[in-house]
Amino acid sequence: MAMKKTLVIVVHPTLSTSTINKAWSEAACGHATLHFLYDAYPNGASFDIAAEQALIEAHDRIVFQFPLYWYAAPYLLKKWLDEVITYGWAYGEGGDKMEGKELAVAVSCGGKKEEFSEGGIQCHSLAHYMQVFDGIAAFVRAKYIGVHALYDSYNPATKENLPANCSEYVRFLEQD
């Protein structure tokens with residue numbers, strides 16, 4: 001079986017100063033096509049919809065990689081979803097271009113893993129907050145394959161675990 005062509009859409013507004021998302025991007029290089037939204041569209045510039053859709057069409061698996069901001073993705077990813085995943089292309093009459101593709105999320109979180117639980121300080125699990133991507137996948141008839149995460153990103157000790165987490169990320173990108 002041929003390996004799936006994976007596209008990682010990196011959505012980090014300050015990737016050059018990032019620890020986690022920068023390391024993940026470096027680890028993913030050679031295992032996936034990397035698309036840096038904030039580099040491609042600085043200051044929220046208008047998307048090249050045809051080019052973005054062609055990029056999606058050329059890949060079997062799409063991974064949205066970002067830091068968790070107020071329990072969601074950064075603004076530019078929401079704008080991208082609103083403008084690129086369109087009626088007649090991804091859903092609705094004639095909209096089948098994402099059907100059968102796989103969608104996933106890679107997210108870095110400032111909070112500790114045990115804080116992301118029902119009733120915990122973060123109120124819900126990370127999976128709960130990422131359900132929007134499961135919903136998007138279902139709506140466009142794609143398959144949601146889950147979340148890769150790194151928690152407690154503000155803790156300097158977390159950096160010690162980063163190489164192992166990067167290896168896990170590559171396995172996540174290449175999963176069958």
Side-chain angles (χ1 to χ4, degrees), residues 1 3-13 20-21 24-25 27-28 31-38 47 49 52-53 55-153 165-166 168-176:
M1 181 176 170
M3 190 149 77
K4 293 181 166 80
K5 274 188 80 173
T6 300
L7 171 65
V8 177
I9 299 176
V10 181
V11 192
H12 195 300
I20 311 308
N21 281 266
W24 281 351
S25 297
H31 301 277
T33 302
L34 297 169
H35 181 43
F36 300 94
L37 275 191
Y38 278 94
F47 295 115
I49 305 299
E52 294 298 312
Q53 290 176 341
L55 197 54
I56 296 294
E57 289 178 32
H59 292 83
D60 307 305
R61 177 177 290 154
I62 315 318
V63 178
F64 299 109
Q65 177 188 310
F66 55 87
L68 191 67
Y69 282 6
W70 290 111
Y71 306 103
Y75 150 79
L76 195 59
L77 181 53
K78 173 65 167 107
K79 182 178 190 275
W80 184 93
L81 290 165
D82 288 347
E83 296 180 17
V84 174
I85 309 302
T86 57
Y87 180 89
W89 180 78
Y91 63 93
E93 188 175 336
D96 62 357
K97 299 298 189 270
M98 293 188 72
E99 187 172 347
K101 295 194 181 291
E102 295 178 345
L103 297 182
V105 174
V107 62
S108 59
C109 307
K112 296 175 182 174
K113 185 173 185 174
E114 57 271 15
E115 293 173 348
F116 281 91
S117 61
E118 301 306 315
I121 194 169
Q122 304 291 348
C123 293
H124 301 288
S125 68
L126 181 61
H128 172 88
Y129 291 116
M130 296 299 103
Q131 283 179 341
V132 66
F133 293 97
D134 191 11
I136 290 166
F139 193 70
V140 300
R141 296 172 313 284
K143 179 183 177 190
Y144 184 64
I145 59 170
V147 178
H148 174 80
L150 189 136
Y151 296 89
D152 204 14
S153 64
N165 186 273
C166 285
E168 291 170 17
Y169 185 39
V170 169
R171 285 192 295 279
F172 178 78
L173 294 175
E174 295 180 338
Q175 67 182 295
D176 287 331

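For the single chain, residues carry numbers from 1 onward in sequence order.
With rounding to the nearest 0.5 Å, the separation of CG in Asn165 from OG in Ser108 is 9.5 Å. To the nearest 0.5 angstrom, Glu57 atom CD is 12.0 Å from Leu7 atom CG. The distance from atom CG of Leu37 to atom CG of Leu76, rounded to the nearest 0.5 Å, is 5.0 Å. Here the OG1 atom belonging to Thr86 is positioned 10.5 Å from the CE atom belonging to Met98, to the nearest 0.5 angstrom. The line from CD1 of Ile62 to CD1 of Ile136 is 12.5 Å long, rounded to the nearest 0.5 Å. Remark: Ser125 OG to Lys113 NZ distance equals 10.5 Å, nearest 0.5 Å.
In this structure, Val63 and Val105 approach most closely via the heavy-atom pair CG1-C, 4.3 Å. Considering all non-hydrogen atoms of both residues, Phe116 and Cys109 come closest at CE1-CB, 3.9 Å. Closest approach of Ala28 to Tyr169, counting heavy atoms only: CB-CE2, 4.2 Å. In terms of heavy-atom proximity, Ala137 sits nearest to Lys143 at CB-C, 4.2 Å. In terms of heavy atoms, Arg141 sits closest to Gly95 at NH2-O, 2.5 Å. Looking at every heavy atom in both residues, Ala73 comes nearest to Leu77 through CB-CD2, 3.6 Å.
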Would you please test Phe66 and Val10 for side-chain contact (heavy atoms from CB on, under 4.5 Å) and show each step?
CA-CA 6 Å; Phe66 55 87; Val10 181; over 6 Å; no

Worked check of side-chain contact (heavy atoms from CB on, under 4.5 Å) between Thr6 and His59:
CA-CA 6 Å; Thr6 300; His59 292 83; 5.7 Å; no

Start with the C-alpha distance between Trp80 and Ile9, add both sets of side-chain angles, then the distance that settles side-chain contact (heavy atoms from CB on, under 4.5 Å), and finish with yes or no.
CA-CA 10 Å; Trp80 184 93; Ile9 299 176; 3.7 Å; yes

Given side-chain hydrogen bond (donor to acceptor under 3.5 Å, both in side chains), test Glu174 with His31 step by step and report yes or no.
CA-CA 8 Å; Glu174 295 180 338; His31 301 277; 2.6 Å; yes

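By the side chain to side chain donor-acceptor pair (under 3.5 Å) test, Tyr69 pairs with no residue at all, sequence neighbours left out.
Remark: side-chain polar atoms of Arg61 are paired, donor with acceptor, to backbone N or O of Gln175 under 3.5 angstrom. Side chain of Lys101 to main chain of Ile56: a donor-acceptor pair is present (N/O by atom type, distance under 3.5 Å, no hydrogens or angles). Using modelled atom types, no side-chain atom of Glu83 and backbone atom of Ile49 make a donor-acceptor pair closer than 3.5 Å.
Contact of the Leu81 side chain with the Phe64 side chain is registered, since non-hydrogen atoms from C-beta on lie closer than 4.5 Å. Looking at Tyr129 and Cys123, their side chains come closer than 4.5 Å, going by heavy atoms from C-beta outward. A heavy-atom distance below 4.5 Å is found between the side chains of Glu102 and Lys4. In this structure the side chain of Gln122 reaches within 4.5 angstrom of the side chain of Tyr71, judged on heavy atoms. In this structure, Val147 and Phe172 have side chains that are not in contact, with every pair of non-hydrogen atoms separated by 4.5 Å or more. The shortest side-chain heavy-atom distance between Glu118 and His124 falls under the 4.5 Å cut-off. When side chains are defined from C-beta on, Phe47 counts as touching Lys79, because their heavy atoms get closer than 4.5 Å. For the pair Leu68 and Met130, the minimum side-chain heavy-atom distance is below 4.5 Å.
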